Peer 1: 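Following this message is one structure expressed as structure tokens.
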Amino acid sequence: MQYFRNTPRRTMDCQNPHRPDMLPLCRGDSELRAGIAGNRQNGSGCPGNARYNEPEYTDQRKTCPLNRESRVNDNSVYGICGCADKDHMHDRDHGCTDKDHMHDRDHGCTDKDHMHDRDRGCADKDHMHDRDCGCVDKNRMHDRDRGCADKDHMHDRNCGCADKDHMHERDCGCVDKNRMHDRDRGCTDKDHMHDRDCGCVDKNRMHDRGCRGEHSCENSPTSEQYGCTGLAMAFVPKQEFTELNDAEDALCRGTLFRKLDMPFYGSGRRNCK
Amino acid sequence: MNERDRLLRRIQAEDFALYETVLYLDGHPQNKKALAFYNKHRDIVKALREEFEGKYGPLNIYGNTGDCDWHWVDKPWPWEKEAN
């Protein structure tokens, strides 16, 4: 992105490109189609008043505001998946039709011919399992970097959330209360659920997260005294000096008190005798 | 397990039971049962230690009984094979 910020956006006449080796980026569906045809025929570019931005087509991953048909037909020219938004078409890994988020990384597209490309999100069942794809496939939605809307998997790492506006964002969070305090889990706060590592209900961890949602500790009326944990009453019976092992058994079992003899059975029992 | 090892094992067991009782007494200093157990096993440990040191040498630096020799260095050190 820095490259584009620092690079002057020069508009040029498609008939006189700065980079003749690169195809110009033209606007207008019908004109673009004609432009592509023209490119193929004479290698010059778009007709008449069509213009292009140099930084955009210097990156092979960037695409143009061609309509779908044009992109599909001219895939070899325009590289990987693109978008239809002229303001964000130069963004990295772009390719979406959502104007609000199409500039987000790993965002996807709805072009089924390109939705299987890397870092593209898709709604196509056949390709939704591709890397970094955002999907709605229950079997895949728990994969890393998948966005999902499935409650059972939304707590997975980098899994998305159920907020359709943000569910395609990387590291987007979930609405699972049990998991929302985990790292890389999100929150239910719409304003912050798309923040990386957002959301927690753990007072000790909330400063690491960017959430101020309804589940945040700040909204807990007892947070000053008790943090975010609920109240509980514990009862621990008084230990009596009874039911003692003899000295040899105590050494073997690790305790003098039989009531405290709670061995770990995970790796078998030690033979004391 | 020879006689020395059996005696040493018994000292270890009695020592462990004694320390368990000490920990209990830290939280229940007026428990008569625990105090009686402690007193009984303290005496047992003391007798066992004296017996062991009389036969096999000192168990620690406080167990040297000779007037003419420093027996502490006669026995294998813990990291030596003979001591294990």
Side-chain angles (χ1 to χ4, degrees), chain A residues 177-179 181-183 200-208 217 220-273, chain B residues 1-60 62-63 75-79 82-84:
Chain A
K177 286 201 292 186
N178 295 328
R179 300 284 183 162
H181 57 282
D182 290 341
R183 189 176 182 277
C200 70
V201 291
D202 183 347
K203 186 180 182 182
N204 295 326
R205 292 171 175 268
M206 66 181 301
H207 59 278
D208 295 331
C217 298
S220 173
T222 58
S223 62
E224 290 298 323
Q225 296 97 338
Y226 305 109
C228 286
T229 59
L231 292 176
M233 298 181 70
F235 173 74
V236 180
K238 183 180 179 181
Q239 183 184 2
E240 301 291 340
F241 200 80
T242 55
E243 299 184 53
L244 305 178
N245 289 318
D246 61 42
E248 187 68 26
D249 284 343
L251 180 62
C252 180
R253 305 299 304 171
T255 179
L256 179 64
F257 306 94
R258 291 176 189 167
K259 286 190 175 181
L260 292 179
D261 189 354
M262 292 175 280
F264 175 66
Y265 292 104
S267 59
R269 302 185 65 177
R270 181 181 175 183
N271 184 11
C272 291
K273 298 296 183 182
Chain B
M1 185 179 288
N2 56 33
E3 177 61 28
R4 178 185 178 277
D5 292 341
R6 275 194 292 272
L7 189 55
L8 190 60
R9 172 77 181 183
R10 195 172 168 206
I11 292 172
Q12 291 173 334
E14 294 292 341
D15 262 342
F16 179 80
L18 195 65
Y19 276 106
E20 282 278 273
T21 309
V22 167
L23 293 174
Y24 182 87
L25 283 169
D26 287 345
H28 309 80
Q30 274 83 46
N31 190 288
K32 292 182 179 180
K33 281 186 178 179
L35 281 169
F37 187 92
Y38 170 81
N39 291 331
K40 175 185 175 183
H41 285 264
R42 179 196 58 194
D43 294 341
I44 292 175
V45 170
K46 185 179 177 182
L48 289 172
R49 283 178 171 272
E50 289 175 352
E51 180 184 353
F52 184 92
E53 289 177 339
K55 291 181 179 177
Y56 308 107
L59 283 168
N60 55 38
Y62 304 108
K75 304 301 178 184
W77 293 94
W79 53 86
E82 294 78 7
N84 296 287

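Atoms considered below: every heavy atom in the structure, side chains included; atoms not considered: hydrogens, waters and symmetry mates. Everything numeric in this text was worked out from a predicted model, so none of it was measured. Numbers restart at 1 for each chain; the letters A, B, ... are given by sequence-line order, proteins then strands.
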Peer 1: May I ask you to decide if the ring planes of A:F241 and B:Y24 are parallel, tilted or perpendicular, using 30° and 60° as cut-offs?
Peer 2: tilted

Peer 1: Can you list everything that forms a ring-ring contact (aromatic ring centres under 6.0 Å, His included) with B:W77? Sequence neighbours excluded, please.
Peer 2: B:W72, B:W79

Peer 1: Of all heavy-atom pairs between A:L256 and B:E20, which one has the smallest distance, and what is that distance?
Peer 2: N-OE1, 2.7 Å

Peer 1: As an exercise, state the distance from CG of A:L251 to CZ of B:R9, rounded to the nearest 0.5 Å.
Peer 2: 4.5 Å

Peer 1: Partners of B:K40 by salt bridge (Lys or Arg N to Asp or Glu O under 4.0 Å), sequence neighbours excluded?
Peer 2: none

Peer 1: Of the non-hydrogen atoms in A:Q239 and B:H28, which two are nearest, and what is the gap between them?
Peer 2: O-NE2, 3.7 Å

Peer 1: I'd like to verify something: which residue of B:R10, B:Q12, B:K33 has the highest number of heavy-atom pairs under 4.5 Å with chain A?
Peer 2: B:K33

Peer 1: Taking all heavy atoms of B:A13 and all of A:A247, pick out the closest pair and write down the distance.
Peer 2: CB-O, 3.4 Å

Peer 1: What part of A:T255 gets closer than 4.5 Å to chain B, counting heavy atoms only: side chain, backbone, both or neither?
Peer 2: both

